[in-house]
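No experiment lies behind these values; they were computed from the predicted model shown. Whatever order the structure lists them in is the order used to number ligands and atoms, beginning at 1. Just so you know, residue 1 is the first one in the sequence shown, and it goes up from there.
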Amino acid sequence: MDKTSRIPGLHKMSIAERITALKDFADLTDEETALLGKSSVLGMDVAERMIENVIGTFELPLGLVPNMKVNGREILVPLAVEESSVVAALANAGKMTSSGGGYFTSSSDPIMIAQIQAVDIADPFGAKMKILEHKEKIIALANEQDPILVKFGGGCRDIEVRVIDTRKGPMVVTHILVDTRDAMGANAVNTMAEAIAPHIENWTNGKVFLRILSNLADRRVARVRCLVKKDAIPPGPEVIDGIINAWAFADADPYRAATNNKGIMNGISPLVIATGNDFRAIEAGAHAYASRTGQYRALARWEKDAEGNLVGSMELPLAMGLVGGATAIHPMAKLIVKILGIDTATELSEITAAVGLGQNLAALRALASEGIQRGHMSLHAKNIAVMAGAKGEEIELVAHQLSSEGKVRVDRAKVILEQVRKKNC
Ligand code: NAD
């Protein structure tokens, strides 16, 4: 019989039953199957409460970044990431920024936006005014949905109404601006938007379709700056002009900006993941914000002060929470919040911004001097050695030889591995 991916009742099966179904489907060996159905930290029961059709958990390395000072406070930052060099790069950036006192941050209030889309309105501008006339009623309706949020000092603060031209004609889009305090806030604002929607239909005689938050959380921004003394940047102050040139290139060219901003997210996403936050939301927000002028640009900025020191700064939306989502239930996320020594979501967002700026500094410094590959090579060589079949002590021996030859390739690793084994026979 042909294979089918339709597995009736998959969602009702136990984890063991799902794994059996998968084993048959994908012809898994017993050894492969044994990788599924277990969890070192999360707990299978917690995993089952988080997503549907659970068959296992997926691990990432968790690395500890030293040398971080944010607003005068020394912190150690755990990052969950699969890419080599990210942890080391941020530690290096920390050494450089410590010459200027570390990272300094600030932020806006944690305001999220939810959108309510109304269509089929003959008089969209009149409708816009009608909605604005009901501002107080809308705010009250929104806040009735979440008394807990209001109790914690949050709640709907304001509304905005936009008439936008689309391929399907004009649409009247209401934004509710909600202070979500220590929550990321997606569920909170979506619930509010759904409650308000029927009233918008009444007031406008239109039809409401979408009621959902915007991940372009541009009212919830974290800001960070750092200063690197000109004599604290290796190999020397001459690299500062290279860094500023690299930034200007990224700011002018989307091809370069994409890679530049990927480097910034190299720091941000691993901390977002480590704290159980929604990394897709953060990525979408950051890249949308980078495009807010109509062109996709560099998220951070680098300049030289009057003394010739390097000054970095960045502002970006970081809708991160400490309550709600996975943050409050994932034991590792809870532990990481404790390690960071923070009490509010705003503090978390500011540290995350600092991590992003530090990554950008480390990457641009390397690009403007020795290039990015040297730093990447030693861990990469170990991965290549493993891919070639090296085990235990062989990994270090093969990786060392690959790095010193400057040819970090699997074919070469296989040859070296054979030589190592012959020698050891
Ligand atoms: P949530 O609803 O689980 O928790 C938030 C609630 O916690 C608040 O509404 C409030 O009632 C309560 N609360 C308790 N203490 C609080 C405090 N100190 N500050 C603020 N609120 C407090 O979670 P959420 O943050 O509304 O939603 C986050 C989840 O939504 C994430 O898992 C995200 O992945 C998911 N999500 C994201 C999108 C998107 O990004 N497009 C869409 C839908 C869902």
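Here is the list of ligand 1 atoms found below 4.0 Å of a heavy atom in Asp146: 8 (C), 9 (O), 10 (C), 11 (O). The atoms of ligand 1 that sit less than 4.0 Å from any heavy atom of Asp278 are 33 (C), 34 (O), 37 (C), 40 (O). Those atoms of ligand 1 with a heavy atom of Asn215 less than 4.0 angstrom away are 39 (C), 40 (O), 41 (N). The contact set between ligand 1 and Ala281, taken as ligand atoms under 4.0 Å from a residue heavy atom, comprises 40 (O). Counting the atoms of ligand 1 from 1 in the order shown, those under 4.0 Å from a heavy atom of Met184 are 25 (O), 28 (C), 40 (O). Within the listing of ligand 1, atoms 38 (C), 39 (C), 40 (O), 41 (N), 42 (C) sit less than 4.0 angstrom from a heavy atom of Leu213. Of all atoms in ligand 1, listed by their number and element, those nearer than 4.0 Å to a heavy atom of Arg181 are 19 (N), 20 (C). Below 4.0 Å from some heavy atom of Ile148 lie the following atoms of ligand 1, by number and element: 11 (O), 12 (C), 13 (N), 14 (C).
With a 4.0 Å cut-off on non-hydrogen atoms, Asn187 touches ligand 1 through its backbone as well as its side chain. Contacts between Val189 and ligand 1, counted as non-hydrogen atom pairs separated by less than 4.0 Å, are absent for every part of the residue.
Distance screen at 4.0 Å: atom 29 (C) of ligand 1 has a protein heavy-atom neighbour inside the cut-off.
Between Gly185 and ligand 1, a contact under 3.5 Å exists for at least one N or O pair.
The minimum heavy-atom distance linking Gly308 with Lys230 is given by the pair O-CB, 3.5 Å.
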